[in-house]
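Please read the structure below before turning to the comments.
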Amino acid sequence: MTRILITSALPYINGVKHLGNLVGSLLPSDAYARFMRMRGAEVMHICATDEHGTPAELAAAAAGEPVEAYCARLHEVQKSLGEGFRLEFDHFGRSSSDRNHRLTQHFAKALFEQGLIYEVTEQQMWSESDGRFLPDRYLEGTCPNCGYERARGDQCENCTKQLDPTDLINPRSSVSGATDVEARETKHLYLKQSALQEQIRAWIETKSDWPVLATSIAKKWLNDGDGLRDRGITRDLDWGIPVKKGDEDWPGMEGKVFYVWFDAPIEYIAATAEWADAHGKSEADWRRWWREDEGARDVHYVQFMAKDNVPFHTLSFPATIMGSGEPWKKVDFLKGFNWLTYQGGKFSTSQGRGVFMDQALEILPSDYWRWWLLSNAPESADSDFTWEGFQSGVNKDLADVLGNFASRVTKFCRSKFGETVPEGGEPGEAEAALAVEIDTRLKGYAAAMEAVEMRKAASELRGLWVAGNEYLQHAAPWSVFKTDEAQAAMITRTGLNLAALYATVSRPFIPDASDALAGAMGIAPNGAWPESAAVALSQLPAGHAFSVPENLFRKIEDAEREGWEAQFEGAAT
RNA sequence: GGCGAGGUAGCUCAGCUGGUUAGAGCGCACGACUCAUAAUCGUGAGGUCGAGAGUUCAAGUCUCUCUCUCGCCA
C-alpha cells in the first residue's frame with residue numbers, strides 16, 4: 001500500500017491564527033490527507049504547535065502567565081480551533097514535548113560527531129532590568145548611519161542598513177524600554193551549513209516537480225552572496241530545549257537552549273513519536289515513517305507551508321538531517337503557498353485587521369471557509385480575500401450549485417416516489433453521456449489532488465456538481481413523469497446516486513456537508529474513492545431508503561456581509 | 001539597492017515543452033424550465049494577452065529594453 005507522510009507547517013504558539021495561516025498550510029494539508037486516505041493510502045498526517053523562542057516568552061509575559069502555562073493553554077486553544085475546522089491530524093503535537101527535547105538533543109550530538117558544530121564567542125546585548133539577553137531585533141537605538149532614532153538591532157528600517165546591536169547609539173530594550181543594556185560576551189553553537197551546501201544543492205536540483213516558488217527561494221539562498229551561511233543554533237533564553245549532547249551535558253553551554261528554528265522542524269519527527277506514545281504504539285511504529293533503514297524508504301513525504309517557511313524546509317532542516325549522517329526521511333514534495341491578503345492589504349494581528357480562526361467559526365461553519373479558502377488558495381501568486389468574493393463563492397458554489405442540487409433531487413423524489421430510491425426504466429444516451437462527463441471530472445479532480453493543485457481540484461469538483469444540474473435540467477424528470485413514470489424513476493435514481501457520489505468526493509473540501517449528505521443518502525460517511533462513474537451511479541439500488549437533508553448551506557446575506565466587513569476592518573488602515 | 005514573483009475579458013484567475021477563430025467562474029444581457037435554497041440550464045456581448053523592439057513561416061507563450069504592483073533580504 002502507498003504510504004504517505006504529510007506535515008503541515010507548525011503554527012506558532014503566540015495567539016490565534018488568521019485565515020492566511022489556515023490556507024497557507026493547515027487546510028491544504030488536511031484536504032490532501034483526506035483525499036489520500038479516501039484513495040486507500042496509508043497516511044500519517046502530522047502537525048504541532050511551535051512553542052519556543054522570544055515571542056512566546058513575551059506573549060506569556062503580556063498575558064501575565066508563566067510561559068509553560070501560557071503555551072499549554074494556547075496549545076489547547078489552537079488544537080480545538082483546528083478541530084473546529086475539521087483538521088484531521090493523526091497527531092497534533094507540541095515542540096516543547098519530551099520527545100522533541102530528546103530528538104533535538106540527539107541531532108545536536110550527531111551533528112557534533114560529524115564535525116558540523118563549532119563554538120563561537122560573540123557579543124550580545126544584556127539588559128539588566130529585563131534580566132536577560134535581548135535578541136537583536138528587540139533592541140532599539142539611534143542608527144549610526146542615518147540618525148534614525150528607532151533603528152532595530154539587526155537593521156535600520158529607515159536607511160535599510162544592516163546593523164549589529166553594538167552599533168546602536170543609546171541602545172534600549174524594546175521589550176521594557178530599559179536603557180541599562182550592555183554588550184556581554186556569550187558563547188553559542190553554530191551549525192556548519194556551509195559545509196553542506198553542495199550536498200543540499202545537488203538534492204534540490206533533483207526536485208524538478210516542485211513549485212517554482214519553492215525551488216526559486218531555495219536556490220536564491222544557495223546562490224546569494226557567499227552561499228549558504230552557518231547559523232547559530234543556540235540562544236541565551238530560559239524557555240526552550242536545554243543544550244545537551246544527546247543526554248550528556250555540553251560543557252560551556254549550561255543555561256542555554258537551542259534556537260527555535262533548530263528544534264521546530266525536528267518536531268515533525270518528534271510529533272510522530274508522540275503519536276506512537278499516545279496510541280500505545282511501539283518505537284518501530286513511528287520509526288517506519290522516518291527512518292529509511294527501518295521502513296521509510298517507500299514513504300512519500302509531502303510538506304505544506306507558506307513561503308516564509310520555505311528556506312527552513314529546503315535548507316535548514318535538510319542540513320540538520322543530512323548532516324546527522326543518519327538515514328532520516330527527507331521531503332519528497334514541498335508545497336509552498338503565497339500570502340492571502342485581506343481586502344487588498346495585510347492581515348494584522350496587532351491592528352485586529354482580518355478574520356482569525358476563532359472569529360471565523362463564530363460567524364459561519366467551517367465548510368464555508370474551507371471551500372472558499374481552498375478554491376482560492378494562493379498557489380501561483382498572492383490571492384486576496386474579499387467579503388464580496390467570499391459571499392459570491394459560497395452562495396453560488398455551495399448553496400446554489402451543490403446544496404440546491406441535493407434539495408431538488410431529494411424533494412422531487414419524495415413528492416413523486418417517496419423516500420426510497422425508485423425502480424424501473426433503463427439508462428440511455430443521456431446517462432451514458434453523464435457517465436463520460438463524471439469519469440472525466442473524477443480523473444481531473446484526482447490528478448489535481450495528486451499534484452497538490454488545490455484550485456484546480458476545487459474547480460473539477462465544482463464541475464462534478466454542475467454536471468448533476470446539467471443532467472437533471474436536460475433529463476427533466478418532472479416533465480417525463482407525466483408520460484413515462486418508469487423513465488422518470490430512472491432519471492431520479494440517477495440523480496440520487498449523483499448526490500451520494502457528491503457526499504463522498506466532496507469530503508476533502510467540505511467534510512461536514514459530506515457527512516450530512518451521506519447521512520441523508522443513507523451511505524457510510526467514509527466511502528472510498530469511486531472506481532468509475534458506472535459504479536458510482538449504481539451505488540444506491542432501487543428500494544434504498546434516503547431522507548431529504550436540511551439545506552446543506554445557507555446563503556450569506558448582503559446585510560451580514562456588510563456588517564462583517566465593518567467588524568473586521570480593524571483599528572486603523 | 002539586490003533578488004524573486006506577477007501585470008491576460010468589469011472582477012477573480014487558467015493558459016504545459018511557441019502553432020487552428022485566447023479560456024473558466026463571477027457579474028451583465030437575452031432565452032428556456034418550473035423539481036429545487038427567486039435555485040437551475042442554454043445563448044450572447046466583452047480582451048491591441050502592461051508598453052516598445054527583436055527572433056521565427058508562426059509569440060500571450062522565447063530574447064532585450066522600459067514601466068507598474070507585490071514580496072523577501074536570515
Side-chain angles (χ1 to χ4, degrees), chain A residues 135-137 154-155 157 159-162 193 208-209 211-226 228-232 259 261 306-312 315-316 336-339 341 344-346 372 375-386 388-417 448 451 453 455-456 458-460 462-463 465-482 488 491-492 495-496 499 548-557:
Chain A
D136 296 353
R137 65 177 183 280
D154 54 348
Q155 184 181 32
E157 285 178 354
C159 67
T160 75
K161 188 178 169 62
Q162 305 275 324
Q193 296 190 141
S208 53
D209 60 331
V212 285
L213 179 71
T215 46
S216 69
I217 291 175
K219 286 177 183 166
K220 181 200 149 200
W221 283 48
L222 284 167
N223 298 328
D224 188 41
D226 302 331
L228 199 54
R229 297 189 203 169
D230 297 346
R231 277 197 91 176
Y259 203 165
W261 74 260
K307 60 184 170 185
D308 58 328
N309 252 319
V310 168
F312 294 104
L315 306 168
S316 310
F337 287 88
N338 289 282
W339 303 122
T341 54
K346 285 188 177 182
W372 191 90
S375 60
N376 292 278
E379 291 182 305
S380 57
D382 291 356
S383 69
D384 192 30
F385 174 90
T386 64
E388 273 188 42
F390 177 63
Q391 178 190 24
S392 142
V394 163
N395 288 357
K396 199 70 198 169
D397 298 345
L398 296 181
D400 294 349
V401 177
L402 174 62
N404 180 55
F405 177 82
S407 282
R408 68 192 295 204
V409 72
T410 52
K411 286 182 180 171
F412 177 77
C413 186
R414 179 173 64 183
S415 74
K416 304 298 185 203
F417 303 103
E453 292 175 10
R455 297 173 86 122
K456 197 170 176 195
S459 134
E460 293 288 347
R462 188 185 189 282
W465 301 339
V466 169
N469 282 310
E470 278 173 14
Y471 168 74
L472 271 195
Q473 200 67 29
H474 289 122
W478 47 88
S479 301
V480 173
F481 184 80
K482 295 169 190 162
I491 296 167
T492 306
L496 292 168
V548 173
E550 292 295 308
N551 279 357
L552 293 177
F553 299 98
R554 73 175 184 84
K555 295 201 195 192
I556 298 171
E557 307 292 336

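Nucleic acid contact for A:Ser392: sugar-phosphate only, since backbone atoms but no base atoms lie under 4.0 Å from a heavy atom of the residue. Looking at heavy-atom distances under 4.0 Å, A:Leu552 makes contact with a base. Within 4.0 Å (heavy atoms only), A:Arg231 reaches sugar-phosphate atoms of the nucleic acid but no base atom.
Aromatic rings from A:Phe481 and A:Phe417 are positioned such that their centres are separated by under 6.0 Å.
In this structure, A:Phe412 forms no aromatic stack with the base of B:C35, since the conditions of centre separation below 5.5 Å and plane angle below 30° are not both met.
A residue-by-residue look at A:Arg455 and A:Cys413 shows that A:Arg455 has its nearest nucleotide of RNA chain B further toward the 5' end.
Here the nucleotide nearest the side chain of A:Arg462, chosen from B:C26, B:A74, B:U37, is B:C26. Considering only the side chain of A:Asp400, B:U40 comes nearest among B:A74, B:U34, B:U40.
Applying the 4.0 Å criterion to OP1 and OP2 of B:A39, one finds that A:Lys396 has every side-chain N and O outside that range. Listed pair A:Lys555 / B:A39 meets the phosphate criterion, a side-chain N or O lying under 4.0 Å from OP1 or OP2. Phosphate proximity of B:U37 to A:Lys411: present, with a side-chain N or O under 4.0 Å from OP1 or OP2.
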Dot-bracket encoding of pairs in RNA chain B, which uses [ ] for pseudoknotted crossings and | for another strand, Watson-Crick or G-U under 3.5 angstrom: (((((((..((((.....[...)))).(((((.......))))).....(((((..]....)))))))))))).
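Per the geometry, CD belonging to A:Glu460 stands 20 Å off P belonging to B:C13, to the nearest Å.
Considering every non-hydrogen atom in both A:Ala499 and A:Val409, the closest pair reads CB-CG1, 4.4 Å. Nearest heavy atom pair, residue A:Arg455 against residue A:Ser383, reads NH1-CB, 4.1 Å.
For the pair A:Val394/A:Phe553, no side-chain contact is recorded, criterion being any heavy-atom separation below 4.5 Å from C-beta on.
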- request: Any chance you could list the contact pattern along nucleotides 41-47 of chain B? Use B for base contacts, S for sugar-phosphate-only contacts and - for none, protein heavy atoms under 4.0 Å, 5' to 3'.
  value: SS-----
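Here the rule is side chain to side chain contact (heavy atoms under 4.5 Å, CB included) with A:Phe405, and of A:Asn469, A:Thr410, A:Leu552 only A:Asn469 fits it.
A distance of 10.5 Å separates CD in A:Glu453 from CD in A:Glu460, rounded to the nearest 0.5 Å.
Spacing between B:U21 and B:U17 at atom C1', rounded to whole Å, works out to 24 Å. B:A45 sits 7 Å from B:A29 when the C1' atoms are compared, rounded to a whole Å.
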